[in-house]
Each structure stands twice: as structure tokens, then as C-alpha cells.
Amino acid sequence: MKIKEQLNSLIADALNAINVTDSNIQVVEAGKPEFGDYQYNGAMGLAKILKKKPRDIAQDIVANIPNSDMIEKLEIAGPGFINITISSKWIAKRVDEIKDDDRLGIAKKSNPIKVVVDYSGPNMAKQMHVGHLRSTIIGDTLANLFTFLGDDVIRQNHIGDWGTQFGMLIAYLEELGKGSEGSLKDLEQFYKDAKKRFDEDEAFATKSREYVVKLQGGDIHCLELWENFIDKSLGHCEEVYSKLGVNLTRDDVKAESSYNDDLANIIKELEDKGLLQTSQGAKCVFLEDSPNPLIVQKSDGGYLYATTDLAAIKFRCQKLKAKRVSYVVDARQSEHFKQVFEVAKKADFAPEDTILEHISFGMMLDKSGKPFKTRDGGTVKLIDLLDEAVQRAKKSITRRDTFNENELEKVAEIVGIGAVKYSDLSINRESNYIFDWDKMLSLDGNTSLYQQYAYARIQSILRKSERVLGDIKIGDELERRLALKLLQLEDILITTAKDAKPHYIASYLYDLTTLFMKFYENNPILKDGIDEDIKKSRLALASVVANTIKLSLDIMGIAVLERL
RNA sequence: GCGCCCGUGGCUCAGCUGGAUAGAGCAUCUGAUUGCGGUUCAGAAGGUCACAGGUUCGAAUCCUGUCGGGCGUACCA
């Protein structure tokens, strides 16, 4: 339900009636329950322009708000706040309407656009490690969300499959001979072994360098080795994606190397448009407020990732026709993207009205605030981290006896992976993220387990009552607030999509669930002596709460359980 | 040196882009509870929002400066 939009429009009508224009009407949720449900604070701002007392303006607005069954009460408070209380009857009706709706009454956008979400982007020379975690799960959530809201989403996994390391890697792969693909299982080790050979054996090093050149020249033998290597490496990534429950497939892979053929054109186009300058032998684009230029071709003729990124923008805007391109990449690359985006627009690779945005996020730190590493200082492999999550989750499940070994494993997977994802998604992505096992697997606080528990508990109630849902009847204030909260999901999702900040959803969910727990504490459902209509109404409310939790978690790529 | 980001109770985080008495969860303290699935519920305590100015009816939020931390600083990605 787009509640704010409806309220904004009522305010707009009122302002119209008194010949006032406010180009940015924004009702906000009320700060406190005493202030009603929503408030409009624009009267104070208008006071100066109109040279009238803010309270008088508020008075005029209130007097001119059209009659609506949505609004129960309008009050003017303080210097000129307009406090809006939503009608309980209206709320009950709306919840009734979404009771059996898969989308919980949330509309698909009437004007969908093509959105490219660029995320994960692992390097094929190495195993996926914790550095890829945040991009992968934040990006996947955003892609899910945009899709749910109706946009045409194209996921792009910009894998790093090109560069000098591959000469060394394929030379080593060849040396080990056919049937040795098993050694690719641990890419980290494979890389180290190859590097060791490279450092110790001059002949091998020479061959590696030759292979880079051959590979770039399109040598069939080297290409074959390389393709084989990439295929295996990508297989490892897919294993991680599957464990993580991330919707990335081979169809979404658009490798760095796929842009190779266009790189020379990029340079030429920049040159034709007069954007290129040569400095210290390198071809650069100088930008007004950047101390350093964007280098697009090295003095030795080689291209850089800036060049590839430009080619990718061109592809996404011109071939894929994207109107919004979201890069889910860590904060350290913000300058890089700022420059690349600016050049892309100047060079017309991207139309002026296309949104190019860097969805940046902070680093992942351990409990003591240091970069997340293994005990001996190495990088933590993602697959190991996920396995540990499942192991820890298994230990934390208290009602173990209700599951057999198979079920327990499954439950632990859902709980453990959910915890890893939720704890990441529940904090503002821009700040650094402190990774804390105990916190994320706790039943207290804003965690996935708390949500999953609430969901399972509601399912238990519904089972016992045979799911007989009735019409919603709002009884007390707690019930009213809970029902209204349910209707706010759409507003939250829209804002989340606009700002690309998944933690809005998590905050909302936590509010909802704690509110439900309070409601449930005070408004018994299955106890004896509850009037049948009230019982059915409360069951319906509980059911919509469960559906809301499920839908929201689903967008975050987290599963729920019928029993926990 | 320059640029970007950050600084909110002991800890981890919110704070809806300028609104009313700055909110949660851990941890601490005090009560309640034979329990519709508990690792429960209610309450208390804990803050000069890093600091100093400025903008205005009104600032955690915007501007300037200072201090502290992180990251990045032309031919890696």
C-alpha cells in the first residue's frame, strides 16, 4: 500500500485549494504514537514564504484536506505540525484485501525500466573469499528487490578472467597434464604452487610470459587451456552461489575478456571526441576536479580496467538499453567509479539521463575491528566461512530432538546461511561491517533467527487453528499499529530500492516482529474464552505478519522454516 | 600533502535527507510469570550525538574549522 503517496496527494489537494505550491510534499511517519501515524511538517517551511503564521497555514491545510475514509483524525500541534491518524476501519479493510495475496497488495511498477546490477565479480585466478561476500549478497538482494517491484533486471557477473596471471596458471595447468583438474579444487593452493614454479624456474617463467602473449593473440592451444581453467574456476563460484542461495547463473556471467575486442574502439571514440590526452606516454582523460587523470591505455599499449569498465558501460547502455546501472563494489573504488561514470557520460557511452551508480559498501572486519582474516593472517575462503556458519547453526538449534539427522542439516543450512546474509544486510552498507558469529546467530535482537522463529511460531499457531481466517477487526491500539505496519511494506520497499539500502527492510522487519510479539503477549489467540470472531481476526493478522516476514526475507534471499 | 568516507550510552547499530523529550539489541540492575513453542514479559539506569563556531522558528542531520580513525592517491583489478 502506497500510504505516503496517498497522503501526499491529499495534502497537495489541500494546498491547491488555498493556492499554495509545495514542490516537495513529504509526509513522514510520526515520531511518537501520541503524534498519530503520520505527520506533515511543511507548514513551518511555508510560513516564511507566505509571511503567515505556521499554525494558521496548518489550519488552512487541515480545513481543505478532502474528505477521505483513510483519515480518522487531523490535529495541529506545536508550532504547526499536522498530525495524521489513519482510520482503523480503513486499515482493517486494506489488510483484509491483502490477506490472500501473494504480493501482499504490492503493485508492480507501471513504468518499469531496465536495470543492470553488477555484483559479485570474482577473480577467476583465485578462490572466492570473504571480500566477495558483501557484494554478492547485497547485489543479489537489490536484484531481487528491483525484480519484485517490476523492473526488468539484468544481473551481470563481471568476472575477472583476463590478465597476466593467467599465463602462469595455464602454463602450470598444462605442465600438470590432463586429468590433473582435481588440483584446481583448491585454487588458492594451485595459485601458490604455480607462483612458486614461476619464481623458482626461469624456463617456466619465460613460458608463462609467452603464454600471456599467445593467449592475447588468440592461440588455440592456450585458449583451450584458459577456457578449461575458467570453466573449473567458475564451477567453484557456482558451488558458493548455490550454498549461499544467490541467484547468479552462467547466463549472468559477462566476463571482462568479452570486452577485449571493443577496447581499441573505446580509445578511438575517446580520441574522436577530443577527450584524450597523452601524458607520460599513457593515454588519459583529464577531469576537472580530479587530481589524477583516468588512464585508459598504458604507455606500453596495454589496456586497464578503466577501459574495460567503459566498454561495459557502453554495452549496458547501448546494447542492453539499461536506464539504471548499479555497481555493487566496495567503497575503496569510489574515485575510480566517479571518474569512469563522468567519462562515460562525456563520451556518450551512457545517455545523460541514465543512472550510473556506485553502490559502495564498507569493509568486513572481525570482532576486534581488524580486517577479517584467518588465524594465521590468510584470506578466509568463502566456502569455509559458509560451512562454519552451518556448523555453528547446528549447535545453536535447541529443539534438535524434533529433527532427524537429514532435517537437522537442512535446518542448519537455512539458519546458518540466513544469519550470514541477514547480519550483513541489516546494517547500513556504507559503514564497515563487524562480523560476529555469536551476534548473528542469536535469537535476541535484529537477527534472521528471530524472524525465522517468529515465522515458525505463527505457523504453529495457524496449524493448531486449522487456518481459519476471519475479517480483521481492530481492537486495541497495539493491534491497530501492527495492522498499519503491515500496510507500510510497500513504502519501505520503494525507498529501499531508491536508496539501494537493504537495511531499511531489516529495520522494518524487526519493528514488525517486535510489535507482533507485543501484540501476541497482550492479545491471546488460542486461549479459551476468546470470542470466535476475534480469534479469527487475530489469526488473520498473524497470518499476514507471517506472509510479510516470508516475502521480505525472500527478497533478501533468506528462507523460512515451518518448524524450528 | 591532497581527495573520499566515518566519529551517536560500556559494546553493536538505527535515526525516514532540517522537526516535537535522540531510539533499539547485547551487557548491568529491579520486579513479574505454571508458560497459546522461549533463549519470556514489564521497568530502571546509562547521551554536552568527537570538539568549536555558523546558518534559522528549529541541527545528530546543512556550512566552515579543529581533533581522532579508515581508505584511496596516474600506467594492478
Side-chain angles (χ1 to χ4, degrees), chain A residues 4 24 26-32 34-35 39 41-42 44-45 47-48 53-54 77-81 83 121 123 125 158 160 162-165 256 279-284 286 289-306 308-309 329-336 338-339 360 362-363 365 367 369 371 396 398-399 402 423 426-428 430-434 436 438-439 442-447 449-450 453 456-461 464-465 491-492 495 499 501 503-504 506-508 510-511 514 517-518 520-522 524-528 530 535 563-564:
Chain A
K4 286 188 186 176
N24 187 31
Q26 288 288 356
V27 298
V28 293
E29 278 157 54
K32 284 182 199 305
E34 311 92 270
F35 301 153
Q39 53 181 273
N41 305 328
M44 277 89 75
K48 190 171 260 177
K53 288 185 190 148
F81 298 104
N83 293 336
N123 184 342
H158 190 79
W162 205 246
T164 48
Q165 331 88 302
E256 246 173 53
S279 169
Q280 298 173 33
K283 295 198 171 159
C284 315
F286 282 86
D289 38 36
S290 295
N292 295 321
L294 184 73
I295 301 179
V296 290
Q297 189 169 19
K298 297 193 278 184
S299 47
D300 68 3
Y303 302 110
L304 296 108
Y305 76 132
T308 314
D309 278 341
V329 181
D330 75 281
R332 284 174 299 190
Q333 300 197 33
S334 61
E335 270 117 78
H336 166 72
K338 205 177 137 209
Q339 290 187 314
S360 85
M363 291 189 299
L365 308 173
K367 223 171 159 176
S396 76
T398 46
R399 292 163 43 111
T402 55
S423 67
S426 64
I427 65 149
N428 188 344
E430 313 233 32
S431 46
N432 288 340
Y433 162 46
I434 296 189
D436 181 346
D438 296 327
K439 218 184 121 193
S442 165
L443 191 46
D444 296 310
N446 190 6
T447 67
L449 194 50
Y450 181 67
Y453 176 80
R457 194 176 180 187
I458 293 173
Q459 293 312 312
S460 164
I461 298 165
K464 280 189 185 160
S465 63
D491 280 341
I492 297 293
T495 315
D499 294 353
K501 293 208 162 167
H503 80 277
Y504 293 169
S507 294
Y508 165 79
Y510 186 59
D511 280 353
T514 46
M517 292 299 188
K518 275 184 199 155
Y520 190 56
E521 193 73 20
N522 290 285
I525 298 177
L526 298 181
K527 275 190 175 157
D528 291 339
I530 307 286
K535 180 176 158 184
R563 288 168 214 274
L564 219 172

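Sequence lines set the chain letters: A, B, ... in the order given, protein chains first and strands last, and positions in each chain run from 1. When reading the values below, keep in mind they use all heavy atoms of this one structure, side chains included, and skip hydrogens, waters and symmetry mates.
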For [N] versus [M], give the span between their [atom1] atoms, rounded off to a whole number of Å.
N	M	atom1	value
B:C63	B:G18	C1'	13 Å
B:C5	B:U64	P	11 Å
B:A22	B:A50	P	15 Å
B:U21	B:G31	P	34 Å
B:U66	B:A27	P	42 Å
B:U55	B:G65	C1'	15 Å
B:G23	B:G9	P	15 Å
B:A59	B:G19	C1'	10 Å

Considering every strand and a 4.0 Å limit on heavy-atom distances, what is the contact class for [X]: base, sugar-phosphate, or nothing?
X	answer
A:Ile492	nothing
A:Ala456	base
A:Ser279	base
A:Asn24	nothing
A:Arg457	base
A:Leu304	sugar-phosphate
A:Lys535	nothing
A:Tyr504	sugar-phosphate
A:Gln39	base
A:Ser460	base
A:Pro291	nothing
A:Lys338	nothing

From C-beta outward on [X], which listed nucleotide comes closest to its side chain: [options]?
X	options	answer
A:Glu335	B:C4, B:A20, B:G15	B:C4
A:Ser507	B:G3, B:C71, B:A14	B:A14
A:Tyr510	B:U39, B:A24, B:U21	B:A24

Please report, rounded to the nearest Å, how far the [atom2] atom of [N] is from the [atom1] atom of [X].
X	N	atom1	atom2	result
A:Ile525	B:G35	CD1	C1'	16 Å
A:Lys501	B:A14	NZ	C1'	12 Å
A:Tyr520	B:U40	OH	P	16 Å
A:Asn41	B:A20	CG	C1'	9 Å
A:Met517	B:A24	CE	P	18 Å
A:Asp499	B:U17	CG	P	9 Å
A:Gln165	B:C76	CD	C1'	9 Å
A:Glu521	B:G43	CD	P	12 Å

Could you run down the sub-3.5 Å N/O contacts of the protein with nucleotides 6-13 of chain B?
from  : atom 1 : to       : atom 2 : distance (Å)
B:U12 : O2'    : A:Lys439 : NZ     : 2.2

**OP:** Could you give me the CA-CA distance, side-chain angles and deciding distance for A:Lys439 and A:Ile434, then say whether side chain to side chain contact (heavy atoms under 4.5 Å, CB included) is met?
**Re:** CA-CA 10 Å; A:Lys439 218 184 121 193; A:Ile434 296 189; over 6 Å; no
Please enumerate all residues that pass salt bridge (charged side-chain N to carboxylate O under 4.0 Å, His left out) together with [X], with sequence neighbours excluded.
X	value
A:Glu430	A:Lys501
A:Asp300	none
A:Asp511	A:Lys485

Taking the side chain as C-beta and beyond, is there a heavy-atom pair between [X] and [Y] under 4.5 Å?
X	Y	answer
A:Tyr520	A:Ile458	no
A:Leu564	A:Leu449	yes
A:Asp491	A:Glu29	no
A:Thr308	A:Tyr303	no
A:Met517	A:Tyr453	yes
A:Lys535	A:Leu526	yes
A:His503	A:Ile427	no

Backbone N or O of [Y] within a donor-acceptor pair of the [X] side chain at under 3.5 Å?
X	Y	result
A:Asn432	A:Met363	yes
A:Glu335	A:Ser290	no
A:Thr447	A:Ser442	yes
A:Asn446	A:Ser426	no
A:Ser460	A:Ala456	no

Under 3.5 Å, N/O pairs linking protein and nucleotides 57-60 of chain B:
from  : atom 1 : to      : atom 2 : distance (Å)
B:C57 : OP1    : A:Lys48 : NZ     : 3.3

Original post:
Nearest nucleotide by nearest heavy atom, which residue falls closer to the 5' end of RNA chain B, A:Cys284 or A:Gln459?
Top reply: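 Its nearest nucleotide being more 5', the pick is A:Gln459.
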**OP:** Hey, which sits more toward the 5' end of RNA chain B by its nearest nucleotide, A:Gln297 or A:Glu29?
**Re:** A:Glu29
Original post:
So, A:Tyr305 and B:C76: ring centres less than 5.5 Å apart, planes less than 30° off, yes or no?
Top reply: no
Subject >> A:Phe81 ring over B:G19 six-membered base ring, under 5.5 Å and 30° >> reply: no
Subject >> Range-with-range stems of RNA chain B (Watson-Crick or G-U pairs under 3.5 Å, three or more in a row) >> reply: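 Looking at RNA chain B, the stems formed by three or more consecutive pairs are B:1-7 with B:67-73, B:10-13 with B:23-26, B:28-32 with B:40-44, B:50-54 with B:62-66.
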Original post:
Does the B:A14 base have a donor-acceptor partner in the side chain of A:Asp511 within less than 3.5 Å?
Top reply: no
Original post:
If anything within 90° of 0 is syn and all else is anti, what is B:U21?
Top reply: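 Judged by the O4'-C1' to base torsion, B:U21 sits in anti, the angle falling more than 90° away from 0.
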Subject >> Presence of A:His336 side-chain N/O under 4.0 Å of B:U73 phosphate oxygens OP1/OP2 >> reply: no
